[in-house]
> 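So that we are looking at the same thing, I have put the structure below in structure tokens.
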Number of protein chains: 2
Amino acid sequence: MKIDMPQSKNKAVKEAKPLSRIQEANRKAILDAAVDVFAVSGFRGATIDEIASRAGMSKPNLLYYFKSKQQIYQQVLEQTLEDWLAPFAAIDPEGDPIEELRRYITAKLEMSAKRPEASKLFANEIIHGAPVIGTFLQTTLKDLVDEKTKVIRHWVGQGKLAPIDPYHLIFLIWATTQHYADFDVQIRAVAGTQAGRPGFAEQAAQAVLSIILNGIRPR
Amino acid sequence: MKIDMPQSKNKAVKEAKPLSRIQEANRKAILDAAVDVFAVSGFRGATIDEIASRAGMSKPNLLYYFKSKQQIYQQVLEQTLEDWLAPFAAIDPEGDPIEELRRYITAKLEMSAKRPEASKLFANEIIHGAPVIGTFLQTTLKDLVDEKTKVIRHWVGQGKLAPIDPYHLIFLIWATTQHYADFDVQIRAVAGTQAGRPGFAEQAAQAVLSIILNGIRPR
DNA sequence: CAATTGCTTGACCGTTTGGTCAAAATGAAC
DNA sequence: GTTCATTTTGACCAAACGGTCAAGCAATTG
């Protein structure tokens, strides 16, 4: 599975597209179904038939809207990437470090709880070598991370955070927050009844925030 | 540590097992190849042909040693599980909490660096709903985790650790350490040249240990 | 050496699956 | 209601893949 990243951000280019009511509805139904199917089965494991069936249409009909399985996959990935990164981009260099990071971690934990499929979708893609979003990671994401590492380094320089490597702090936050989505099966298996009880997500947030924030507080 | 897999049938029943020199070599070659292939392609994406080819033999020959793709998969999973959990099981209730956890985290980070495929194998299995090791998670692993949560709770009670929920501490450690293996592509893409330099793993270990250990030190 | 057993593989089969196509059904426009 | 474009699908194809089988090859044994 070798794919090059098309990065179809060409909204302006293909503006000669009316996109009828029925088209819009069907595309949405397909993409919604696709997130779930790709998340649980991976790219290879997912079948067009299942996506079509979940979207309430026949396979050829689905292929009428997206000309290949890959195209659906890329579209779904692109669509979710933006939401996923938004809270990270929103980290404010002028804000209080601890508060900014608390807000970011909380937002990511909420996303993991609310849309675990999106997280699993990424996890799958990256574990398999990021064949589709590889160049995105090396360009857009790297730039964004570089920007934020500067911010964190600045905070450290000001003595507002303990001296830690910004990259690894970011990785630790990503790892921890996404873990609750990607490994939910393991968490439920291990935590047993506790994981099902309401308030579990809040308890998780409290624990994660406590450890990380105390871990980076200036000493 | 004894780990019995749900699917692993007759180990004791099939007592007479000669296991010739050539058999042993071939089985090992197959399993070694299988770890890599399953790790990068997932169960569904992996093909018997590729495993066989990497192991240097024909597909029918591979099927002579393992009668199905699933059997290889289960075997590989079982084989790696023990190593993977050993350092966790080795956490000593009598030892110093901070030192015990430092040892555990360091061991897991080293495993992630040395054998990332093993970690990816698990990640894949769990993200896809743990179809094979599901019951293992609910039984053996849960018991082990319950045991260790008691230890951590005891430490907290003695005032040797800050008051944190043991489950979430364990999840945080798992998440962080495995992240370096499972998401290595993303880490390399984002950290750029830095990630390639020697000493990067040590730098990661230092940062992770610093944040986590300071995060749980009694205050 | 002969013979029994263990090891290896080319050829093959049935199924799944991504994708095509022509034709039918539906809707929009007049 | 007629016409034209859009939407939908049953039937089909080719490739990939898991798994089988019979026959060939190597090794061990007596």
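Chain letters run A, B, ... following the sequence lines, proteins first and then strands; every chain starts at 1. What's counted below: heavy atoms across the whole structure, side chains too, no hydrogens, waters or symmetry copies.
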> Among residues 45-64 of chain A, which residues get a heavy atom nearer than 4.0 Å to DNA chain C?
A:A46, A:T47, A:I48, A:K59, A:P60

> Could A:R103 and A:E100 be called an ion pair, given the rule that one side-chain N must be under 4.0 Å from one carboxylate O?
yes

> Does the side chain of B:Q203 pick up a donor-acceptor pair with the side chain of A:Y167 at under 3.5 Å?
no

> Could you tell me how far apart B:N26 (CG) and D:dA27 (C1') are, to the nearest whole angstrom?
14 Å

> May I ask you to say what B:Y65 touches in the nucleic acid, namely base, sugar-phosphate or nothing, with a heavy-atom cut-off under 4.0 Å?
sugar-phosphate

> Compare side-chain N and O positions of A:R44 against OP1 and OP2 of C:dT16 and report whether any pair is under 4.0 Å apart.
no

> Can you name the atoms? Protein N/O to nucleotides 24-28 of chain C N/O, anything below 3.5 Å, with the distance.
none

> Between CZ of A:R27 and CD1 of A:I72, what distance do you get to the nearest 0.5 Å?
10.0 Å

> Would you say a side-chain N or O of B:Q23 is under 4.0 Å from OP1 or OP2 of C:dC7?
yes

> Just to verify, which of B:D32, B:D49, B:V37 counts as forming a side-chain contact (heavy atoms from CB on, under 4.5 Å) with B:R54?
B:V37

> For residues 185-195 of chain A, which side-chain donor-acceptor pairs fall under 3.5 Å, sequence neighbours excluded?
residue, atom, partner, partner atom, Å
A:R188, NH2, A:D184, OD2, 3.4

> Output the rounded distance in Å from CZ (B:F38) to C1' (D:dC17).
13 Å

> Strictly below 4.0 Å, N to O, side chains only: are B:K150 and B:D146 in salt-bridge contact?
no

> Check the distance between D:dA16's P and A:K69's NZ and give it to me in whole angstrom.
14 Å

> Please give, in whole Å, the distance from C:dG6 C1' to B:R27 CZ?
14 Å

> Just by distance, do the side chain of B:S210 and the backbone of B:Q206 share a donor-acceptor pair under 3.5 Å?
no

> Going through the distances and angles, do A:Y73 and A:S68 end up as a side chain to side chain contact (heavy atoms under 4.5 Å, CB included)?
CA-CA 9 Å; A:Y73 183 66; A:S68 73; over 6 Å; no

